[in-house]
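Counting from 1, the numbers follow the sequence of the chain as shown. We count ligands from 1, going down the list as the structure has it; atoms in each ligand are counted the same way. The structure displayed is predicted, hence computed values, not measured ones.
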Amino acid sequence: MNTQVEFPKGFLWGTATAAHQVEGNNINSDVWLLEHLPETPYAEPSGDACDHYHRYRQDIALLAELGFNMYRFSLEWARIEPVEGEFSRAILEHYRDMLRACHEHGITPMVTFHHFTSPRWLITSGGWESPDTPDKFARYCERTNEYLGDLIGAACTLNEANIAPLITKLGFGPPIEQIHQAPWWSAAARAFGIAPDRLAPFLYALSPEAIDTVLSAHRKGMQAIKAGPGDFPVGITLALSDIQATEDGEILASQMRHEINDVFLETLRDDDFVGVQTYSRTRFGPDGLLPAEEGVELTQMNYEFWPEALEATIRYAAAKTGLPVIVTENGVAATDDTRRIAYIRRALRGVANCLKDGLPVHGYTYWSAFDNFEWSLGYRPTFGLIAVDRETQERTVKPSARWLGAIARANTFERA
Ligand code: BGC
């Protein structure tokens, strides 16, 4: 039996990063401030990260040499507009050169306008629960796209618009009430100069007002980007866990699917694509969230090694939106690189199954290009295809990078 899967011509084979996780010294961002509170919930500060802010030319050349034809990276609002209304031409020029570097290497640049971090001033003025934020975000998108739009290949407005509900409702973090009581929360509010009940960084914004703010920011941001220059697909990305149920857990599971996914997916009909970001599954029984199933391997993130989740979430997102799907993140944190290859192989089988059924899947992006700053967990979890020495910044290509790069270059995949 022929087990070779041909991917459609023009299929995007990418890797992804986010500015704060790789650039280093993102000092005007809200997360930098949180990392440096004496009471910080972060395991360590991001520091120089992967120094991608300076090493992007070598890094992009390396991704191209490996075989990838797309690179998804984020633009840092806190650098572009470090003080409200003051836009830095030098920083915009920096991102323009990143885009140029991609084109020089035959890589389609997919940019994310917001990947979790915000300028400090935005949080001081009410952050992701303020009704003014969508217009501020749209102004940033407009000014940035004016400078960069002619070189952008595809754009995501917001990364994982539903991350706050997902983290709290699927047990990836403590309940929000507990966070609000933590000493670091009031210390953070003091540091931003805002009352604790008005503190709303993106990762913690899950009130109904926050969801409205986020969705309105997406719509207004998208409109601003669509005004041009440039003519490229624009969408949003969502964190989609494959929410499963035991026989008698379906009521709870479908309520969770509604609150975490559908509330967002159902608003996207005018977008050009939906960005699917999937790492694992979560299961519900009649009394709530179930722990990892016995016998199932755990990743470094402590959730199940479950690559089949991706096929389920692609199908789910496509059915709910009727839009083309781009897998904008999928990956695994593992010290043993052979487990990364095993994970991607099983995930790609799922993508191939979707394509075989005629679903419009336009790309697959592995998270992440590099071992990088995994938010509050610091540098311990290693998602990267490329390792980074924390002292010297030396890059070491892992076998998984060569393996996936070869698939990308050939645009075919041996599914067996
Ligand atoms: C985020 C990344 C993160 C990754 C792995 C996604 O939720 O977009 O920033 O590093 O998952 O946890």
Side-chain angles (χ1 to χ4, degrees), residues 14-24 26 29-32 34-35 42-44 46 49-50 52 71-78 110-118 156-173 201-206 214 218 235-242 260-261 264 274-282 298-307 309-310 313 317 326-335 340 343-344 347 364-386 388:
T15 63
T17 60
H20 190 81
Q21 297 177 268
V22 291
E23 286 183 344
N26 186 17
S29 71
D30 56 348
V31 173
W32 182 271
L34 297 180
E35 289 165 17
Y42 281 70
E44 56 188 318
S46 52
C50 303
H52 189 57
Y71 177 41
R72 173 173 177 248
F73 61 94
S74 75
L75 308 172
E76 185 55 56
W77 187 1
M110 172 185 261
V111 302
T112 305
F113 279 73
H114 183 277
H115 192 126
F116 294 169
T117 43
S118 308
C156 312
T157 53
L158 299 166
N159 180 67
E160 296 190 342
N162 63 338
I163 185 71
L166 174 121
I167 288 180
T168 21
K169 294 183 181 181
L170 294 188
F172 293 114
F202 192 83
L203 287 167
Y204 306 95
L206 75 145
V214 163
H218 165 59
I236 196 171
T237 83
L238 295 175
L240 298 176
S241 176
D242 177 17
I260 302 169
N261 305 340
F264 294 84
V274 51
V276 165
Q277 310 202 160
T278 295
Y279 290 87
S280 189
R281 65 169 183 174
T282 23
L298 298 183
T299 75
Q300 275 182 310
M301 299 292 283
N302 235 358
Y303 45 62
E304 290 176 319
F305 182 102
W306 201 266
L310 183 61
T313 57
I326 301 178
V327 177
T328 40
E329 286 184 26
N330 173 250
V332 65
T335 41
R340 191 176 337 278
Y343 181 96
I344 303 172
Y364 174 85
T365 313
Y366 180 80
W367 180 273
S368 174
F370 304 100
D371 288 343
N372 63 34
F373 182 68
E374 180 53 29
W375 305 109
S376 64
L377 300 179
Y379 289 98
R380 184 187 53 81
T382 47
F383 280 91
L385 295 171
I386 299 166
V388 177

Does the N or O separation between Tyr303 and ligand 1 drop below 3.5 Å for any pair?
no
Of the protein's non-hydrogen atoms, which lies at the shortest distance from atom 4 (C) of ligand 1, and what is that distance?
Tyr279 OH, 3.4 Å
Atom 7 (O) of ligand 1 - nearest protein heavy atom and its distance:
Glu160 OE1, 2.6 Å
Between Phe383 and Tyr279, does the ring pair (Phe, Tyr, Trp, His ring centres under 6.0 Å) criterion hold? Intermediate values first, please.
CA-CA 11 Å; Phe383 280 91; Tyr279 290 87; 5.8 Å; yes
Taking the side chain as every heavy atom from C-beta outward, state whether Val276 and Leu310 have any atom pair closer than 4.5 Å.
yes
What part of Thr237 sits under 4.0 Å from ligand 1 if we count only heavy atoms: the side chain, the backbone, both or neither?
neither
Can we call the ring centroids of Phe116 and His20 under 6.0 Å apart?
no
Can you tell me the protein heavy atom closest to atom 6 (C) of ligand 1 and the distance?
Glu329 OE1, 3.1 Å
Without hydrogens or angle criteria, can the side chains of Asn159 and Thr237 be said to hold a donor-acceptor pair below 3.5 Å?
yes
Closest approach of any protein heavy atom to atom 10 (O) of ligand 1, naming residue and atom:
Glu374 OE1, 2.6 Å
Numbering as shown, the atoms of ligand 1 that approach His115 to under 4.0 Å (heavy-atom distance):
1 (C), 2 (C), 8 (O), 9 (O)
Taking the side chain as everything from C-beta on, heavy atoms only, tell me whether Met301 gets closer than 4.5 Å to Glu374.
yes
Quick note on ligand 1: atoms under 4.0 Å from a heavy atom of Gln277 include exactly 8 (O)
Does any part of the side chain of Thr117, heavy atoms only, come nearer than 4.5 Å to the side chain of Trp375, both counted from C-beta?
yes
Contact atoms of ligand 1, heavy-atom distance to Phe383 under 4.0 Å:
5 (C), 12 (O)
Using modelled atom types and a 3.5 Å cut-off, is there a donor and acceptor pairing between side-chain atoms of Tyr343 and backbone atoms of Asn330?
no
Proximal ligand 1 atoms for Phe116, defined as those under 4.0 Å from one of its heavy atoms
1 (C), 8 (O), 9 (O)
Can you list the atoms of ligand 1 that are under 4.0 Å from a heavy atom of Asn159?
8 (O)
Member of Val327, Thr278, Asn261 meeting the side chain to side chain contact (heavy atoms under 4.5 Å, CB included) criterion with Thr313
Thr278
